[in-house]
Amino acid sequence: MTDRIWLKSYPPGVPADIDPGQYPSLVALMEEAFRTHAHKAAYSFMGKEITYAQTDSLSSAFAAYLQSLGLAKGDRVALMMPNVPQYPVAVAAVLRAGYVVVNVNPLYTPRELEHQLRDSGARAMVILENFATTLQACISSTPVKHVVVCAMGDQLGLLKGALVNYVVRNVKKLVPAWSLPGSVRFNDAIARGTRGTLKRPDIKPDEIALLQYTGGTTGVSKGAMLLHRNVIANVLQSEAWNAPVMERVPANEQPTSICALPLYHIFAFTVNMMLSMRTGGKTILIPNPRDLPAVLKELSKQRFHSFPAVNTLFNGLANHPEFDTVDWSHLKVSVGGGMAVQSAVAKLWLEKTGCPICEGYGLSETSPSASCNPVTSKDFTGTIGVPLPSTFMKLLDDDGKEVTAPGSPGEIAIKGPQVMAGYWQRPEETAKVMTDDGYFKTGDVGVVDERGFFRIVDRKKDMVLVSGFNVYPNEVEEVVATCPGVLECAVVGVPDDKTGEAVKLVVVRKTPDLTEAKLREFCRENLTGYKQPRVIEFREELPKTPVGKILRRELRDKK
């Protein structure tokens with residue numbers, strides 16, 4: 001769709017294109033922010049503010065420490081933390097030192113973590129102590145040689161930090177005993193780095209900034225190679241898209257965003273952290289968005305303008321009895337992503353905040369934002385909006401030809417400066433998803449209307465979307481198949497009021513002593529929470545095609 005019919009649906013002032021060559025690297029973008037906004041707060045965490053200047057000096061020292069370990073330019077450094085201030089400091093340090101960020105979900109099991117560390121070839125890792133026991137269980141099978149361990153209170157000052165760490169370790173008992181010989185504490189690493197000097201590498205736009213792991217139809221988690229220019233482009237696209245309402249923030253107020261989404265997820269990485277850097281904004285870090293009373297308590301102390309979230313969080317907050325303890329009147333933009341926003345949730349959110357949820361769409365492979373509804377619109381469209389500036393989207397049939405008939409479905413394909421360079425060390429997987437003319441095939445089936453608004457109608461892949469997280473049936477099936485007593489199994493997604501979709505597991509037993517409790521325990525040990533089956537069903541046999549392929553659709557239809 002080269003004529004870009006959607007441009008006429010853009011709000012006034014939003015450009016058709018952005019200039020992704022504005023910065024040579026994400027380092028240049030961050031260092032501009034450190035200089036320009038030095039005395040402003042960059043992050044707020046548990047009541048403590050950390051300025052841009054502090055983020056600059058901490059990340060510079062940590063970068064010097066990482067360089068002292070003898071890592072080569074382009075080496076991968078894994079980060080396994082929730083939303084704590086050490087995370088943005090570590091990201092800035094890894095990139096400034098010339099390395100590649102590998103984002104890791106802190107809730108991963110040892111099996112999942114081992115795969116990602118081995119696949120990425122990460123030689124160093126920064127991890128919150130709450131999860132150190134997971135690394136301990138698998139580190140000997142990975143290339144990781146250097147470990148830096150953080151504690152929740154590291155950046156909260158001596159007294160408050162000590163108190164927070166005491167409560168986390170001894171009262172809430174959130175830190176299982178761990179042993180990682182040779183590991184270094186975060187604050188010690190900073191102190192060591194302060195005594196060294198950061199050697200500034202020359203970073204080019206086409207170098208990899210991060211490996212963002214995503215599943216695939218094969219069930220193997222793959223690293224999307226996001227280049228510096230990919231993420232820069234998406235930051236500038238998001239800034240241009242939000243501008244019509246963010247320009248209404250009074251000149252004497254610092255643009256402030258709520259970061260309740262995990263920063264290791266590309267949505268928050270780009271739309272919270274990097275976009276705030278670009279605009280000199282303040283980011284309120286929420287370490288545990290599932291604790292709704294704590295989230296609302298934090299929000300009640302803040303004045304904020306931007307709130308990216310997933311449907312489940314919008315819904316949970318809007319229906320919480322303490323919702324009205326928060327002043328929502330300054331909120332200018334609520335971006336819904338990661339999963340479909342439900343119309344009832346959007347309606348309630350608009351009623352209660354006066355700020356509509358603008359549903360967007362994207363994937364790890366697109367850094368992530370590809371399309372969004374106009375931020376000026378008050379109506380919930382139920383669509384994924386129109387392509388962002390500099391972005392092209394079209395629909396393809398099964399032969400890869402463009403679908404041109406109005407209202408006819410096709411696989412959504414995306415082209416733009418935010419599209420990844422490919423999958424890390426998997427050229428054959430890259431070839432499956434990239435077309436000859438540079439479009440990325442998403443696996444989502446959509447339709448487009450005459451105004452250029454796209455709507456998702458189905459999914460080509462069997463992926464299950466749980467609260468914005470991708471679950472690939474093949475991966476869960478591979479794990480469950482190794483459980484003693486399982487003859488064969490299949491996984492499908494079923495509708496769920498809270499999470500959009502949930503995982504349903506259908507099992508054929510090999511031995512009668514296999515119980516649901518045993519299966520659940522096995523899944524708990526080997527799969528992170530959102531991948532674990534919500535529904536388990538035992539059957540005598542699985543429906544199959546004549547050639548023996550399991551008919552997932554039949555399992556889906558029979559709830």
Side-chain angles (χ1 to χ4, degrees), residues 58-59 61-72 75-91 93-94 97 99-156 161-162 164-196 211 213 221 262-264 287 524-529:
L58 287 166
S59 63
F62 194 38
Y65 168 75
L66 291 172
Q67 286 181 338
S68 76
L69 302 174
L71 301 174
D75 271 350
R76 276 75 59 210
V77 180
L79 308 181
M80 189 170 175
M81 291 170 270
N83 292 356
V84 293
Q86 298 94 308
Y87 177 86
V89 166
V91 166
V94 170
Y99 308 135
V100 175
V101 170
V102 180
N103 279 319
V104 182
N105 183 338
L107 301 178
Y108 269 175
T109 63
R111 182 194 66 81
E112 293 163 319
L113 176 58
E114 181 186 331
H115 166 75
Q116 197 165 322
L117 295 177
R118 287 174 66 149
D119 189 78
S120 64
R123 292 186 58 208
M125 181 152 192
V126 189
I127 187 168
L128 190 75
E129 61 179 6
N130 305 40
F131 314 107
T133 180
T134 309
L135 179 59
Q136 179 187 335
C138 68
I139 191 168
S140 60
S141 309
T142 74
V144 172
K145 294 286 172 277
H146 310 281
V147 180
V148 176
V149 181
C150 314
M152 195 66 92
D154 278 346
Q155 294 300 302
L156 295 175
V164 165
N165 286 341
Y166 177 82
V167 170
V168 168
R169 292 166 185 163
N170 303 300
V171 180
K172 296 192 173 177
K173 301 202 180 329
L174 294 175
V175 184
W178 57 273
S179 166
L180 291 165
S183 60
V184 174
R185 284 286 179 178
F186 183 80
N187 287 350
D188 294 339
I190 298 275
R192 288 188 204 178
T194 311
R195 298 192 287 273
L211 292 183
Y213 274 76
S221 186
L263 281 166
Y264 62 80
R524 259 194 300 276
E525 284 170 16
N526 291 285
L527 294 163
T528 192

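Checking each of V77, L117, D75 against R123 for a side chain to side chain contact (heavy atoms under 4.5 Å, CB included) leaves exactly one that passes, namely D75.
Side-chain contact between R185 and E129 is present, with heavy atoms from C-beta onward closer than 4.5 Å. Side-chain contact check for L113 versus M125: some heavy-atom pair is nearer than 4.5 Å. Looking at W178 and F131, their side chains never come closer than 4.5 Å, going by heavy atoms from C-beta outward. Considering only heavy atoms from C-beta on, Y213 comes within 4.5 Å of V102 through its side chain. Residues N187 and Q155 have side chains in contact (heavy-atom distance under 4.5 Å, counting atoms from C-beta outward).
With values rounded to the nearest 0.5 angstrom, L128 atom CG is found 9.5 Å from M80 atom CE. From N105, atom CG reaches atom OH of Y264 across 3.5 Å, with rounding to the nearest 0.5 Å. Taking OG1 from T133 and CG from L180, the interatomic distance works out to 8.5 Å, rounded to the nearest 0.5 Å. Note that the CG atom of L71 and the OH atom of Y99 stand 4.5 Å from one another [nearest 0.5 Å]. Here the straight-line distance linking atom CG of L135 with atom OG1 of T142 works out to 6.5 Å at 0.5 Å rounding. Rounded to the nearest 0.5 Å, atoms OG1 (T194) and CZ (F62) are 11.5 Å apart.
Residues A93 and S59 share a closest heavy-atom pair of CB-O, 3.4 Å. Heavy-atom minimum distance, V126 versus C150: CG1-SG, 3.7 Å. Nearest approach of L211 to V100, heavy atoms of both residues: N-CG1, 3.9 Å. When all heavy atoms of K173 and N170 are compared, the pair lying nearest together is NZ-O, 2.8 Å. Nearest approach of I190 to A61, heavy atoms of both residues: O-CB, 3.7 Å. When all heavy atoms of S141 and R118 are compared, the closest pair comes out as O-CD, 3.2 Å.
Electrostatic pairing of E525 and R111 does not count as a salt bridge here, judged by no charged N lying under 4.0 Å from a carboxylate O.
A donor-acceptor contact shorter than 3.5 Å links the side chain of N83 to the backbone of L263. Looking only at distances, no side-chain donor or acceptor of D119 sits under 3.5 Å from a matching main-chain atom of Q116. Of the possible donor and acceptor atoms, one in the side chain of Q136 sits under 3.5 Å from a partner among the backbone N and O of S179. Side chain of R76 to main chain of S120: a donor-acceptor pair is present (N/O by atom type, distance under 3.5 Å, no hydrogens or angles). In this structure, the side chain of Q86 engages the main chain of A151 through a donor-acceptor pair within 3.5 Å.
No hydrogens or angles considered: nothing links the side chains of Y65 and D188 as a donor-acceptor pair under 3.5 Å.
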> How far apart are the C-alpha atoms of V167 and K172, what are their side-chain angles, what is the distance that settles it, and do they pass the side chain to side chain contact (heavy atoms under 4.5 Å, CB included) test?
Replying inline: CA-CA 6 Å; V167 170; K172 296 192 173 177; 4.1 Å; yes
